[in-house]
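Since the structure comes first, as structure tokens, the remarks are kept for the end.
All ligand and atom numbering here is 1-based and tracks the order in the structure. In this text, all values refer to a predicted model and were calculated from it rather than measured experimentally.
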Amino acid sequence: MTLRISVFLVLACLASAPAFCDDMDSSAVARGKYVEELSDCSACHTASPKEPFAGGMPLTTPIGPIYPTNITPDPQFGIGQYTLKDFRRALKDGVAKDGHYLYPAMPYPSYARLTDQDVSDLYAYLMKSVAPVHKPSGETKLPFPFNLRWGLAIWNALFMPGDEFRPSNKHDPEWNRGAYLVQSAAHCGSCHTPRDPAYQQKAYDETSADFLSGGYLEHWYAPDLRGDMAEGLGRWSEDDIVSFLKTGHAKDDAAFGNMRQMVENSGQYFSDTDLHAIAHYLKSLSARAEASYYGPPPDPSSEMKTILSGTGRPGAGLYLSSCASCHGMTGAGQGFKAPALAGNPTVLAENPGSIISILLQGDTTAATKTGPPPQTMPGFSRFTDAQIADVLNFIRNSWGNGAPMVSARTVADVRAKVKEDPKTPAAVSAARAQKRPAAPAR
Ligand code: HEC
Ligand code: HEC
Ligand code: HEC
């Protein structure tokens, strides 16, 4: 249907005045800009706000750092020589113009599900409205055997999901739009779905219960987005999900780490219709067996009094002296000023990677067009590994929270990964100062 319309438009364009073709171009560019916002190419491909898309900061992967390349229309260092066909192949098959295979740190297994219309609009946007930057990006140098890119042909043959997005006639159009966005452009699964040892996602759509069941990438753990009651979205409404993606706040929870960046760079620009479609789709995902538990106690403040009047618990003292002023005696937080820790799915997540990272580095809540003003959580890297484990075990097992214990060793592992990561909060804050031009009308 869309294909027929575009063929018609091209023919109409060729047969009529060039002014009409210009209009067609500019609407493709505007649509392509929105596809870029949905798919967040700039999250990886932009290191400096002054040079959008000129190449990004390296991604730390299990096999070493991988640099996102320059995708401005520069003919030498960017994608200036890419035809639409070349561009489609890079995006959907993971093969660059010169034939070399891309590492799946570039989320082509998700973009493989983009419609041809979205790919060509995105191409029009990058080629026509992004300034060429005549500069090479950082060079990826991986150790043997990972430097041999032909090995990725085998990876693709084994692990590429391969199927196009097919709407399901068992569901309504809103669900289908949500499924399309989550699986393809917005590539939520590339962070939120667990990966197998060869880095492939365990699932790419709702036909598997592993899909969006929580993933660990760099030192961030992207929690379960399925219907689970403790660490999933079982207690969230569709409106909560919409608000979180748009402003970084919902249910006294706040987006942080690379989810906060996702909200600032991408989520806040989604149309309300698309946000609702995503929430509608996520709410259809079933619950799994989970390791954590949440059952609010009848009186959390008397629980705190008992803890404090008795022999105490490891971490309780640290919590009182360093955290309670913001997060409250009963972990209830202070609305947008400091998130609640009681019942917070990320605090309850089986994998504590994200909460260890924020404790070490601190973070500032999302700066968005429609959300509340940013608030900062200080970093506590001066705490020892054992102290961080204690205070986290305390918040993970108080006020009705029940989550598996965190060991000092796990904290040490995450601390080492945080140290290696060049994307420090300071570097990221510089990049977020990037002012995007106004979003296209839609
Ligand atoms: C999660 C990070 C990430 C996101 C998001 C991402 N990319 Fe990439 N991309 C990479 C990395 C890393 C590479 C380099 C891979 C390699 O060297 O094998 C790459 C390579 C590419 C290339 C190959 C360029 C060349 O000639 O080497 C193109 C084209 C490209 N990306 C386009 C896009 C577009 C368009 C988007 C948004 C729809 C996008 N990327 C989103 C990480 C990302
Ligand atoms: C670059 C990686 C990344 C991408 C892409 C990403 N997320 Fe996240 N997400 C995270 C991390 C890490 C967290 C945990 C930190 C936090 O709670 O903010 C998170 C948290 C969340 C939360 C809060 C849930 C909770 O349990 O507290 C929601 C909801 C969410 N993501 C939805 C999405 C959706 C929907 C998409 C796709 C449209 C998406 N995310 C894409 C990394 C990502
Ligand atoms: C000055 C106020 C302040 C203090 C002190 C503080 N925090 Fe926070 N905390 C915040 C804010 C604000 C956020 C949200 C940060 C963001 O979203 O980027 C946050 C986020 C968190 C999160 C992530 C929760 C989520 O889903 O957003 C955890 C876990 C956390 N704090 C634990 C602690 C612990 C443990 C301490 C004490 C060692 C502490 N905080 C001290 C203000 C504070």
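Of all protein heavy atoms, the one lying nearest to atom 38 (C) of ligand 1 is C41 SG, 2.7 Å. In this structure, the protein non-hydrogen atom closest to atom 12 (C) of ligand 2 is N258 OD1, 3.1 Å. Looking from atom 34 (C) of ligand 2 to the surrounding protein, the closest heavy atom is C188 SG, 3.6 Å. Protein heavy atom in closest approach to atom 1 (C) of ligand 1: C44 SG, 2.7 Å. Protein heavy atom closest to atom 20 (C) of ligand 1, with residue, atom name and distance, is T69 OG1, 3.4 Å. Among all protein heavy atoms, the one lying closest to atom 22 (C) of ligand 2 is F244 CE2, 3.3 Å. Here the heavy atom of the protein found nearest to atom 27 (O) of ligand 2 is T346 OG1, 2.8 Å. Scanning the protein for heavy atoms near atom 26 (O) of ligand 1, the closest one is Y82 OH, 2.5 Å. Protein heavy atom at the shortest distance from atom 17 (O) of ligand 1 is R149 NH2, 3.0 Å. Summary of contacts: the protein heavy atom closest to atom 14 (C) of ligand 1 is Y67 O, 3.5 Å. At the top of the distance list for atom 42 (C) of ligand 1, counting protein heavy atoms only, stands M106 CA, 3.6 Å. Scanning the protein heavy atoms around atom 13 (C) of ligand 2, the nearest turns out to be P223 CD, 3.5 Å.
Heavy-atom minimum distance, I71 versus C41: CD1-CB, 4.3 Å.
In terms of polar-atom proximity, V347 is not counted as a contact of ligand 3, lacking any N or O under 3.5 Å from an N or O of the ligand.
Of the listed residues (C191, S354, G257, G214), the one carrying the non-hydrogen atom nearest atom 2 (C) of ligand 2 is C191. Here the shortest heavy-atom distance to atom 16 (C) of ligand 2, taken over F256, F270, Y281, belongs to F256. The nearest non-hydrogen atom to atom 5 (C) of ligand 3, considering only A338, C323, S322, comes from S322.
E231 places no side-chain N or O within donor-acceptor distance of the main-chain N or O of L348, the cut-off being under 3.5 Å.
Taking 4.0 Å as the cut-off, H327 counts as a neighbour of ligand 3 on heavy-atom distance.
Contact annotation: H45 places an N, O or S atom under 2.8 Å from atom 8 (Fe) of ligand 1.
The SD atom of M259 and the NE2 atom of H192 meet at atom 8 (Fe) of ligand 2 at an angle of about 170°, given to 10°.
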